[in-house]
Number of protein chains: 2
Amino acid sequence: MSSKPNAIVAQSGGPTAVINSSACGVIQEAIKSGKIGRILGATNGILGVLKEDLFDISAEKPETIEALRQTPAAAIGSCRYKLKSLEDSKADYERILDVFKARNIHYFFYIGGNDSMDTADKVNKLAAQGGYELVCMGVPKTIDNDLAYTDHCPGYGSTAKYVATCAMEAGRDTEALYTTDTCTILEVMGRNAGWLAAATGLARRCAEDAPHLIYMPEAAFSFDKLVNDVREVLKEVGRVFIVVGEGLKDKNGRYITADTGAFGKDSFGHTQLGGVAEMLKSVIEREVGIKARFNKLGTNQRSAIHFASLTDSNEAYMCGQMAVKYAMDGVNGKMVTLVREKSAEYKCVTGLAELIDVANGEKKVPAEYINDEGNNITDAMRDYVRPLVQGEVPVDIGEDGLPAFMRFERRPVEKKLPKYL
Amino acid sequence: MSSKPNAIVAQSGGPTAVINSSACGVIQEAIKSGKIGRILGATNGILGVLKEDLFDISAEKPETIEALRQTPAAAIGSCRYKLKSLEDSKADYERILDVFKARNIHYFFYIGGNDSMDTADKVNKLAAQGGYELVCMGVPKTIDNDLAYTDHCPGYGSTAKYVATCAMEAGRDTEALYTTDTCTILEVMGRNAGWLAAATGLARRCAEDAPHLIYMPEAAFSFDKLVNDVREVLKEVGRVFIVVGEGLKDKNGRYITADTGAFGKDSFGHTQLGGVAEMLKSVIEREVGIKARFNKLGTNQRSAIHFASLTDSNEAYMCGQMAVKYAMDGVNGKMVTLVREKSAEYKCVTGLAELIDVANGEKKVPAEYINDEGNNITDAMRDYVRPLVQGEVPVDIGEDGLPAFMRFERRPVEKKLPKYL
């Protein structure tokens, strides 16, 4: 056994097509650094730390680690476990430090969104208070693209490419069948931010192309406006293809629909959304008198490695890799950010933001990316998203004609502490 | 102008990723034959013939025609217009022949499913009765794979590959988040036949892999059984990924759900289905007490050229090409079929079936492809579908990072007859 400090890498929140690419960057760079003993994976994010559910990633085959780049979702395991303030969740934070101490963990790399950055920040502060040497680095991840302090988020480009392609393809379906199936609604994710809905606008190269209407949570939605918009498009194009973000809100900022069932809120207290497209379908059929269909890609839009953006995948890897490099250089308590250079050709480098700032921030689609009518995007949005969807991630195909994914062997690390949770 | 006989090519019914590949085969082979004057496209299938909405496909650029192979949906235009019996729809059939006569049309290539084969057969018989020389050839098309007399249908392999991949990918998402989002339901198309749901079984390479449960219209469905099945899988795997065909039926053969809205039936009188996955979600949440999600790919599953089967695309092309070759050899009133040769390596050639037989037939998933419990597939089904999903259709990518599709210029053919419809 090495006496070098060990590291934990963990993933959190909704998976993406490239979150494993970030994990690959962390792991490969940590091994390369020569300064880290064992790299442990925390099964299901912070839950794995709390439960001492750890496995030795550094003992996995190099080809398994490399194959992370073409495997979607979160191979280490993710969670939605919410830690509250240091006061309210004190036992949890102390347990995390106990596990770190018992394992000689001095590096914590957490790949996730703002809730994860919040957790990492609090663990870091508690360690500092107690004089335990710990480096906590955040690696950004979210298809929603709503993290502040970064030009864009790893995970967004791949889903953007996929949903824009889906709009193109299903748009051609509507074009072919417009004499009966005149309206199609594509529902995409995005609770508070319309970045994914906005991205589908890239698919529209001419007036005929889908999508004809894009509704984002940032623009107040009304059914009267919808009905008028649909009638206008029908006059011009003879059919209508609509993209809606799941989190549409009315002028008072209230979700136009919310699942009120038993599982209507997730563990973070976020309202679980669904049924926006279905609601639009019924209104359009009733008020406009045309047949409407809806497609709801659901979790397929965040796991579609089979047509993921190579740019996104490479940047996700870079964020993971740089988190380790920065840590080795003595940086602590920061999240790696993506910085778009001001140049004619797209170029993206990394920067740093305070974990706590990212935790408390949110980035919505700015007004200048949305048209005046609030039903489409502007060229500025197209220019923003275009570089992010370039290239396709190469995926190995098995003998059965389907993609080949990796799974860890997961050699468990023996538990040392009393059971918790 | 040539005095050679002209041809009409038309597309009908629900689009697929490769129906344009069949059109490409018809057009390129018809040009190559040297025996056909102009090849006219009928905009929106038989509706285009009835309305004299025709355009000169032979005047389109060769690269436009070639690009049909990588463009999804129905580029000529499709329809759901239903012709009834020769007695009940006599005016329609006579109008079709009038249009054919006015344009010197002696070849009619109709790419579609059993309703289209029925139309082609009736037009053919009326022409024969009236002594008008006409060759009507059918080219099979349906993602549902439910046409009789053919081993499989062009369009099926591509959607099979896509939905199986979607099950793999979303399956990994559920695997990553199983501590909260424990159940995912993927709804796929298939009104009466479960071929697409069955195809997703190919994605399951080991017990951990999705899908764990597959429900097809061929196996009587009950909610009691579902709840038991889900509990069993949870015990074994700790999460559950379910694929459902949209047309699930109970033991009395009644759809477990049906859209009863204003557009509850399509123009063929088929019940429009939707909401099966949503219904399962609510039952599982209530009865099993776990959070469930659903993904409904909708028309995206039949238009996904970005990950379509090359085998399927090539066979779709071959069916179009062979329809012309057979026609040139004097064959009439037949649909081209796909015949799987009995050999160790997969090989597929074409055969012929009577249009009327295909029109009246239907092919469901046979009992030997479904397990005894009616909740999964057998190895025989895997062996059947595996060769059909091999290879990927190469798709050109534009500068914007998204696929490049073609559109016809559609130089309209001047109308000669009085308005109809």
Side-chain angles (χ1 to χ4, degrees), chain A residues 11 14-15 44 47 71-75 77-80 161 164-166 168-170 172-177 179-180 184 202-203 205 208 261-263 266-267 282 285-286 291 293-300 302-307 309 386 389-392 397 400-403 405 407, chain B residues 11 14-15 44 47 71-75 77-80 161 164-166 168-170 172-177 179-180 184 202-203 205 208 261-263 266-267 282 285-286 291 293-300 302-307 309 386 389-392 397 400-403 405 407:
Chain A
Q11 300 173 312
N44 300 113
L47 264 185
T71 302
S78 190
C79 72
R80 293 197 188 280
K161 184 184 184 89
T165 301
C166 285
M168 286 184 71
E169 293 177 334
R172 291 300 181 111
D173 189 286
T174 312
E175 188 170 334
L177 268 182
T179 56
T180 50
T184 304
L202 195 62
R205 294 164 177 151
E208 286 184 286
F263 293 83
D266 71 12
S267 52
S282 72
E285 292 197 335
R286 198 180 60 228
K291 185 180 157 192
R293 286 175 169 276
F294 75 93
N295 302 348
K296 178 178 148 71
L297 300 172
T299 55
N300 278 112
R302 66 185 188 199
S303 53
I305 192 72
H306 74 267
F307 202 65
S309 159
R386 193 181 298 110
V389 302
Q390 298 293 318
E392 293 79 50
I397 304 292
D400 51 15
L402 304 177
F405 298 154
R407 258 199 199 95
Chain B
Q11 299 174 312
N44 300 113
L47 263 186
T71 302
S78 189
C79 72
R80 293 198 188 278
K161 183 185 185 87
T165 301
C166 285
M168 285 184 73
E169 293 177 333
R172 290 301 181 110
D173 190 288
T174 312
E175 189 170 334
L177 267 181
T179 55
T180 50
T184 305
L202 194 61
R205 293 164 176 150
E208 286 185 285
F263 295 81
D266 71 11
S267 53
S282 72
E285 292 197 335
R286 198 179 61 229
K291 185 179 157 193
R293 287 176 167 275
F294 75 94
N295 301 347
K296 178 178 148 72
L297 301 172
T299 55
N300 279 111
R302 68 186 187 198
S303 52
I305 192 72
H306 74 267
F307 203 65
S309 159
R386 194 180 297 108
V389 302
Q390 297 293 318
E392 294 80 48
I397 304 291
D400 52 14
L402 305 178
F405 298 154
R407 258 198 199 96

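In what follows, chains carry the letters A, B, and so on, assigned in the order in which the sequence lines appear, proteins first and then strands, with residues in each chain numbered from 1. Because the structure is a prediction, the values reported are computed rather than measured.
- Only the side chain of B/Thr184 comes within less than 4.5 Å of a heavy atom in chain A; its backbone stays farther off.
- With a 4.5 Å cut-off on non-hydrogen atoms, B/Thr71 touches chain A through its side chain but not through its backbone.
- A/Ser309 does not touch chain B: none of its heavy atoms, backbone or side chain, sits under 4.5 Å away.
- Contact annotation for A/Leu402: both backbone and side-chain heavy atoms come within less than 4.5 Å of a heavy atom of chain B.
- Looking at A/Asn44, the atoms closer than 4.5 Å to chain B (heavy atoms on both sides) all sit in the side chain, from C-beta outward.
- Ring orientation note: the planes of B/His306 and A/His306 are close to parallel, at an angle under 30° on the 30°/60° scale.
- Contacts between B/Glu392 and chain A at a heavy-atom distance below 4.5 Å involve the side chain alone, from C-beta outward.
- Looking only at heavy-atom pairs under 4.5 Å with chain B, the residue among A/Asp400, A/Ile305, A/Thr179 that has the most is A/Asp400.
- Both the backbone and the side chain of A/Thr299 come within less than 4.5 Å of a heavy atom of chain B.
- In this structure, B/Ala74 and A/Ala176 approach most closely via the heavy-atom pair O-CB, 3.4 Å.
- Counting only heavy atoms from C-beta outward, the side chains of A/Leu297 and A/Cys166 approach each other to under 4.5 Å.
- Between A/Phe294 and B/Lys296, the shortest heavy-atom distance links the atoms O-CE, 3.4 Å.
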Test side-chain contact (heavy atoms from CB on, under 4.5 Å) applied to B/Arg80 and A/Leu177, step by step: CA-CA 8 Å; B/Arg80 293 198 188 278; A/Leu177 268 182; 3.4 Å; yes
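- Contact count versus chain A (heavy atoms, under 4.5 Å) is highest, among B/Gly77, B/Gly298, B/Ser78, for B/Ser78.
- When B/Ala164, B/Pro72, B/Pro403 are compared by the number of non-hydrogen pairs under 4.5 Å with chain A, B/Pro403 comes out ahead.
- Contact of B/Ile397 with chain A is made through the side chain alone, with heavy-atom distances under 4.5 Å.
- Contact count against chain A (heavy-atom pairs under 4.5 Å) is highest for B/Arg172 among B/Arg172, B/Glu175, B/Gln11.
- Here A/Arg205 is the residue among A/Met168, A/Arg205, A/Lys161 with the most heavy-atom pairs under 4.5 Å with chain B.
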